[in-house]
Each structure stands twice: as C-alpha cells, then as structure tokens.
Peer 1: 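Below is a structure I'd like to ask you about.
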Amino acid sequence: MKFFIDTADVDEIREAASLGILDGVTTNPSLVAKTGKPFRQVIEEIVAVVDGPISAEVTATDFEGMCREAKELHAIHENIVVKIPITREGLRAVKWCTGEGIPTNVTLCFHPLQALMAAKAGARYISPFVGRLDDISSDGMELVAQIRQIYDNYGFDTEVLVASVRNPMHVVQAALMGADVATIPYKVIAQLLAHPLTDIGLEKFLEDWKKVPKAD
Ligand code: E4P
C-alpha cells in the first residue's frame with residue numbers, strides 16, 4: 001500500500017519524506033489556505049521535495065473552468081494529479097482529462113456509486129473520505145470495502161485512495177482491505193510506529209546492556 005501525506009505544509013512533507021516511506025502528496029483548498037502562501041507557490045515547493053504523485057485541486061465548478069485549471073495544473077509538472085470533485089460537471093471533466101492524458105484524483109466520494117462513475121470516466125484515483133463518514137455515524141471503512149469489491153469485480157484499474165484518515169486504525173483497515181493508497185495527515189504518520197511495549201522493551205534492553213561486562 002502506498003503512503004501519501006495529506007498536507008500542503010512543506011516542512012511536514014520534508015519530515016515525512018525523511019522516513020523513506022512517502023510515495024506522494026494530497027492537498028486540498030483548505031490545506032493550502034492553512035499555509036498562508038499562494039497556491040502555485042505551494043505546489044511548486046511540494047514538487048521540488050517529492051518525486052511522486054501530487055494532488056492539486058481545481059476550484060472551478062463548471063466543466064470548462066475545471067478543464068482549464070486541470071490543464072494549467074498538470075502543466076506545472078508531470079507529477080501533478082488533478083483533484084476533481086465528484087459532481088456532474090466534475091465527472092465530465094474527469095472524462096475529458098482522461099482523454100487528454102491528465103491523471104485525476106476524484107475527491108469528496110461518499111458513496112460506492114460515485115466511485116463506480118469515477119472509474120468509468122477513467123479516474124486514476126478515487127478518494128473515499130472515511131473520517132467524514134465516521135463523523136456522521138456512518139462507517140467510512142465499509143465504503144472502502146464496497147469500492148474495493150466493485151473495482152475488483154470489473155477489473156477497474158482506478159486506485160482506491162483512502163482519504164480523511166483520522167487515526168492509525170484507519171490505516172490498518174485500509175491495508176487489510178487492499179486499498180491501493182492511504183493519504184495520511186502528518187500527525188497520524190507520526191503515530192504509526194508508536195507502541196508503548198516497544199518503548200518499554202527498548203528501555204529494558206538498554207538498562208540490561210549496562211550490566212554486560214565490558215571486555216577491557
Ligand atoms: C483528501 O485528499 C482530503 O485532502 C482529506 O483527506 C480530507 O480530510 P479531512 O476530512 O480530515 O479534511
């Protein structure tokens with residue numbers, strides 16, 4: 001399973017990249033706004049740090065506007081994946097991008113039918129938002145399981161990108177379900193290795209090591 005980081009903060013991206021497990025980046029307008037920097041500058045900075053798929057989202061809501069932005073974003077760098085919301089106009093824009101050879105990440109997916117439509121339009125990634133479904137007492141990971149099954153049933157090669165990840169168990173479940181990618185906030189990436197028994201065990205090993213007689 002690939003690990004993307006879900007942030008527009010370049011310091012967080014550098015830190016995660018230093019672990020050697022980072023495959024790509026996803027951003028959205030809210031994450032870009034948090035940086036306080038212009039959109040294009042943020043994307044160019046990220047491209048310089050990570051050599052992998054980097055999702056940058058369109059903000060137009062009409063077909064022509066989305067296609068224009070998609071073209072502009074993809075022209076920044078070949079690694080840019082254009083993020084498009086799953087609306088009627090968005091679906092048409094995904095289909096257009098597919099024809100132009102522009103990879104897309106279809107975002108704001110909350111239902112398996114949206115994922116099926118995105119795959120039929122040729123999306124590179126589908127982003128089910130699991131945390132936001134959990135927030136409204138729905139089962140976000142069940143949506144991932146349904147999309148996985150539908151894509152496998154018909155051999156769609158659209159990758160299932162688990163988004164709106166809120167905790168390490170979302171990552172475990174994503175891996176067990178065979179999701180292709182999880183996009184994970186920095187805070188959760190930092191939690192992935194943590195286990196109290198590892199800390200206690202290491203402390204004990206180091207303590208006991210002091211009792212081992214030195215050769216000289
Ligand atoms: C996906 O690509 C989105 O950027 C993101 O995962 C949304 O997460 P949130 O629900 O925590 O805002």
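First listed ligand is number 1; within each ligand, the first listed atom is number 1.
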Peer 1: Taking only heavy atoms of Phe129 into account, list the atoms of ligand 1 that are under 4.0 Å away from them.
Peer 2: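 In order of number, 1 (C), 3 (C), 7 (C).
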Peer 1: Enumerate, atom names and distances included, each donor-acceptor pair closer than 3.5 Å involving a side-chain atom of residues 196-207, sequence neighbours excluded.
Peer 2:
residue : atom : partner : partner atom : Å
Lys204  : NZ   : Asp208  : OD1          : 3.1
Lys204  : NZ   : Asp208  : OD2          : 2.9

Peer 1: Can you tell me if Asp180 uses its side chain to pair, donor with acceptor, with the backbone of Val160 under 3.5 Å?
Peer 2: yes
Peer 1: Indicate yes or no: at least one non-hydrogen side-chain atom of Met66 is less than 4.5 angstrom from one of Thr87.
Peer 2: yes
Peer 1: Any N or O on Ser164 sitting closer than 3.5 Å to an N or O of ligand 1?
Peer 2: yes
Peer 1: How far is atom 5 (C) of ligand 1 from its nearest protein heavy atom, and which residue and atom is that?
Peer 2: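 Looking only at protein heavy atoms, the one closest to atom 5 (C) of ligand 1 is Asp6 OD2, 2.9 Å.
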Peer 1: Can you name the closest pair of heavy atoms from Ile86 and Leu108 and give their distance?
Peer 2: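 Looking at all heavy atoms of both residues, the closest pair is CG2-O, 3.4 Å.
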Peer 1: For atom 1 (C) of ligand 1, what is the nearest protein heavy atom, given as residue, atom name and distance?
Peer 2: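 I find the closest protein heavy atom is Lys83 NZ, 3.3 Å.
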Peer 1: Which residue holds the protein heavy atom closest to atom 4 (O) of ligand 1, what is that atom called, and what is the gap in Å?
Peer 2: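 Minimum-distance protein heavy atom for atom 4 (O) of ligand 1 reads Asn28 ND2, 2.7 Å.
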Peer 1: Decide whether an N or O pair under 3.5 Å exists between Arg166 and ligand 1.
Peer 2: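 The answer is yes, given that Arg166 and ligand 1 share an N or O pair closer than 3.5 Å.
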Peer 1: Short list, please: which atoms of ligand 1 are under 4.0 Å from a heavy atom of Arg132?
Peer 2: 7 (C), 9 (P), 10 (O), 12 (O)
Peer 1: Heavy-atom contact under 4.0 Å between Thr107 and ligand 1?
Peer 2: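 For ligand 1, residue contact (heavy atoms, under 4.0 Å) with Thr107 is absent.
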Peer 1: Applying ring pair (Phe, Tyr, Trp, His ring centres under 6.0 Å), can you list everything that pairs with Phe3, at least two apart in sequence or on another chain?
Peer 2: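 Result, ring pair (Phe, Tyr, Trp, His ring centres under 6.0 Å) vs Phe3: none returned.
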Peer 1: Is it the case that the side chain of Lys83 and the backbone of Thr27 share a donor-acceptor pair, with hydrogens and angles ignored and the cut-off at 3.5 Å?
Peer 2: yes
Peer 1: Numbering the atoms of ligand 1 from 1, which are under 4.0 Å from a heavy atom of Thr26?
Peer 2: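 Counting atoms of ligand 1 from 1, those under 4.0 Å from Thr26 are 2 (O).
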Peer 1: Using a strict cut-off of less than 4.0 Å between a Lys/Arg side-chain nitrogen and an Asp/Glu carboxylate oxygen, indicate whether Lys187 and Asp6 qualify as a salt bridge.
Peer 2: no
